[in-house]
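Below is one structure, written out as structure tokens, with a few remarks after it.
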Amino acid sequence: MSDAVELGVSLLANLDDDELALAAAIDRLETVTSDPHTTRTILDTAEKRGIIERADGRIRVRSGGFVRFERDVVTREGEFTCRRCGASIMTGYVIQLDAGEHGPFGSSCIRKVIGRR
């Protein structure tokens, strides 16, 4: 399995949302990969592992995990580009997942990626 697949599966396992539109899940996975084949592999792998269920254009997260800002998000100062929106940022927020680090993100994008709007 590729690192991107494992990172994407780990991201799905830790979303704060219990259920979301497939398009919203893909939007979040695009922070991991822009390759449609890899995105499909992430979704298929997560479904096979029982992390998500897919039906009617929606996914339901079954893992029960979530990101705790105090424990799972590291703040780094420097010059970064947000992985979600591409903006230049001075403070980068990086999610510590079982499969590795994911980020950096800006302050509003980190919330969108993990499901806290």
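The figures that follow rest on heavy atoms only: side chains count, while hydrogens, waters and symmetry mates do not.
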Can you find a heavy atom in the side chain of [X] that is under 4.5 Å from one in the side chain of [Y]?
| X | Y | value |
| --- | --- | --- |
| Arg60 | Asp18 | no |
| Val32 | Thr38 | no |
| Val9 | Ile51 | yes |
| Thr91 | Phe80 | no |
| Ile59 | Glu53 | no |
| Leu97 | Asp72 | no |

Is it true that [X] and [Y] make a salt bridge, defined as a side-chain N closer than 4.0 Å to a carboxylate O?
| X | Y | result |
| --- | --- | --- |
| Arg54 | Asp44 | yes |
| Asp27 | Arg84 | yes |
| Glu19 | Arg62 | no |

Nearest 0.5 Å please: distance from the [atom1] atom of [X] over to the [atom2] atom of [Y].
| X | Y | atom1 | atom2 | result |
| --- | --- | --- | --- | --- |
| Ile95 | Asn14 | CD1 | CG | 8.5 Å |
| Phe105 | Ile89 | CZ | CD1 | 9.0 Å |
| Arg28 | Leu12 | CZ | CG | 9.5 Å |
| Arg58 | Ile52 | CZ | CD1 | 12.5 Å |
| Arg83 | Ile110 | CZ | CD1 | 11.5 Å |
| Leu22 | Ile26 | CG | CD1 | 4.0 Å |

Under 3.5 Å, is there a donor-acceptor pair between the side chain of [X] and the main chain of [Y]?
| X | Y | value |
| --- | --- | --- |
| Asp17 | Leu20 | no |
| Ser10 | Glu6 | no |
| Thr41 | His37 | yes |

- Test Thr75 against Val94 for side chain to side chain contact (heavy atoms under 4.5 Å, CB included), laying out the working first. CA-CA 6 Å; Thr75 304; Val94 179; over 6 Å; no

- Message: One pair to check against side chain to side chain contact (heavy atoms under 4.5 Å, CB included): Leu7 and Thr33. What are the steps and the verdict?
- Response: CA-CA 10 Å; Leu7 191 60; Thr33 181; over 6 Å; no

- Task: Could you tell me which non-hydrogen atom of Gly92 sits nearest to which non-hydrogen atom of Pro104, and how far apart they are?
- Result: CA-CB, 3.8 Å

